[in-house]
*Asks:* 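Mind looking over this structure? Questions follow.
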Amino acid sequence: METVPVRSEHIRTEWEGACAVLAYPRFKRAWMRRFFLPKGMSPDIHVRLEEHGTAVWNLIDGRRNVAEILALLSAHFEGDETYESRVAAYLMQLQRDGFIRFLSPLQHGG
């Protein structure tokens, strides 16, 4: 709960209305894009977040720890008693997929 989620450097946030769209390169190296990317295909992969995912993503700023994010989301998930475990699972999935990493309080300076 004290760990701090931090967005990965290679992730860009774009917007479709009120929903965040996470964009990241298909290939890490420029030469790979040049040789392997078919003409007309976007060099980025886009992942559209729904309302709840966008609410969580907006609070990942590299300063707030998981407990603070959960506290700020309580109004957004009003009446949902399972939101804390769902948000924790979502954060773990973002980490597994490489969208965020976690810093311990010592790494973060806390």
*Asks:* Do Trp57 and His52 come close enough that some side-chain heavy atom pair is under 4.5 Å?
*Replies:*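 No, too far: nothing below the 4.5 Å cut-off.
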
*Asks:* Which pairs count as salt bridge (charged side-chain N to carboxylate O under 4.0 Å, His left out) when at least one residue sits in residues 19-40, sequence neighbours excluded?
*Replies:*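 Passing the test, one end in residues 19-40: no pairs.
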
*Asks:* At what distance, to the nearest 0.5 angstrom, does CD1 of Ile69 lie from CD of Glu84?
*Replies:* 12.5 Å

*Asks:* Could you tell me which residues satisfy side-chain hydrogen bond (donor to acceptor under 3.5 Å, both in side chains) with Glu68, sequence neighbours excluded, listed by chain and number?
*Replies:* none

*Asks:* Within the distance-only criterion (no hydrogens, no angle test), does the side chain of Glu16 pair as donor or acceptor with the backbone N or O of Cys19 below 3.5 angstrom?
*Replies:* no

*Asks:* Within the side chain of Ser8, is there an N or O that forms a donor-acceptor pair under 3.5 Å with the backbone of Phe99?
*Replies:*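 Here the side-chain-to-backbone pair exists.
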
*Asks:* In sequence, state the C-alpha distance, the side-chain angles, and the governing distance for Gln95 and Tyr90, and then conclude on side-chain contact (heavy atoms from CB on, under 4.5 Å).
*Replies:* CA-CA 9 Å; Gln95 190 239 356; Tyr90 182 65; over 6 Å; no

*Asks:* Could you label the plane-to-plane angle of the Tyr83 and Phe77 rings as parallel, tilted or perpendicular, counting under 30° as parallel and over 60° as perpendicular?
*Replies:* parallel

*Asks:* Same hydrophobic cluster for Leu22 and Trp15, using side-chain heavy-atom links shorter than 4.5 Å among ILVMFWY?
*Replies:* no

*Asks:* From the options Val4, Val56, Ile11, Leu91, select the one residue that forms a side chain to side chain contact (heavy atoms under 4.5 Å, CB included) with Ile100.
*Replies:*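 For Ile100, the side chain to side chain contact (heavy atoms under 4.5 Å, CB included) check succeeds only for Leu91.
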
*Asks:* Where do Arg7 and Thr13 land on the side-chain contact (heavy atoms from CB on, under 4.5 Å) test, with the steps shown first?
*Replies:* CA-CA 10 Å; Arg7 294 178 183 184; Thr13 305; 3.5 Å; yes

*Asks:* The test is salt bridge (Lys or Arg N to Asp or Glu O under 4.0 Å); show your working for Arg101 and Glu9 and say whether it passes.
*Replies:* CA-CA 10 Å; Arg101 66 187 197 290; Glu9 296 81 22; 3.1 Å; yes

*Asks:* Apply the side chain to side chain contact (heavy atoms under 4.5 Å, CB included) test between Ile60 and each candidate in Val6, Val66, Leu94; give the one that qualifies.
*Replies:* Leu94

*Asks:* Between Leu73 and Val87, does the side-chain contact (heavy atoms from CB on, under 4.5 Å) criterion hold? Intermediate values first, please.
*Replies:* CA-CA 9 Å; Leu73 287 169; Val87 170; 4.0 Å; yes

*Asks:* Locate the shortest heavy-atom distance separating His10 from Pro25; write the atom from each residue and the value.
*Replies:*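 Of all heavy-atom pairs spanning His10 and Pro25, the closest is O-CD, 3.6 Å.
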
*Asks:* Name all residues meeting the side-chain hydrogen bond (donor to acceptor under 3.5 Å, both in side chains) criterion together with Glu51; count only those two or more places apart in sequence or in a different chain, and write none if there are none.
*Replies:* none

*Asks:* Run the salt bridge (charged side-chain N to carboxylate O under 4.0 Å, His left out) test against Asp80 and tell me which residues pass, sequence neighbours left out.
*Replies:*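 In terms of salt bridge (charged side-chain N to carboxylate O under 4.0 Å, His left out), with neighbours along the sequence ignored, Asp80 is linked to Arg86.
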
*Asks:* CE/Met92 to CZ/Phe102 distance, rounded to the nearest 0.5 angstrom?
*Replies:* 5.5 Å

*Asks:* For the side chain of Thr3 and the backbone of Ser104, is there at least one donor-acceptor N/O pair under 3.5 Å apart?
*Replies:*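 No; judged by distance alone, with no hydrogens or angles, the pair does not exist.
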
*Asks:* Salt bridge (charged side-chain N to carboxylate O under 4.0 Å, His left out) with Glu81: which residues, sequence neighbours excluded?
*Replies:*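 By the salt bridge (charged side-chain N to carboxylate O under 4.0 Å, His left out) rule, Glu81 matches no residue at all.
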
*Asks:* Membership question, hydrophobic clusters at under 4.5 Å side-chain separation (ILVMFWY): are Ile45 and Phe27 in the same one?
*Replies:*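 Phe27 and Ile45: separate clusters.
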
*Asks:* Could I get the full list of side chain to side chain contact (heavy atoms under 4.5 Å, CB included) partners for Ser42, not counting sequence neighbours?
*Replies:*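 So Ser42 forms a side chain to side chain contact (heavy atoms under 4.5 Å, CB included) with Asp44, His46.
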
*Asks:* Does the pair Arg48 and Glu50 meet the rule for a salt bridge (Lys or Arg N to Asp or Glu O under 4.0 Å), with working shown?
*Replies:* CA-CA 7 Å; Arg48 186 178 188 276; Glu50 43 76 58; over 6 Å; no

*Asks:* Would you check if the side chain of Arg64 reaches a backbone N or O of Leu59 as a donor-acceptor pair within less than 3.5 Å?
*Replies:* yes

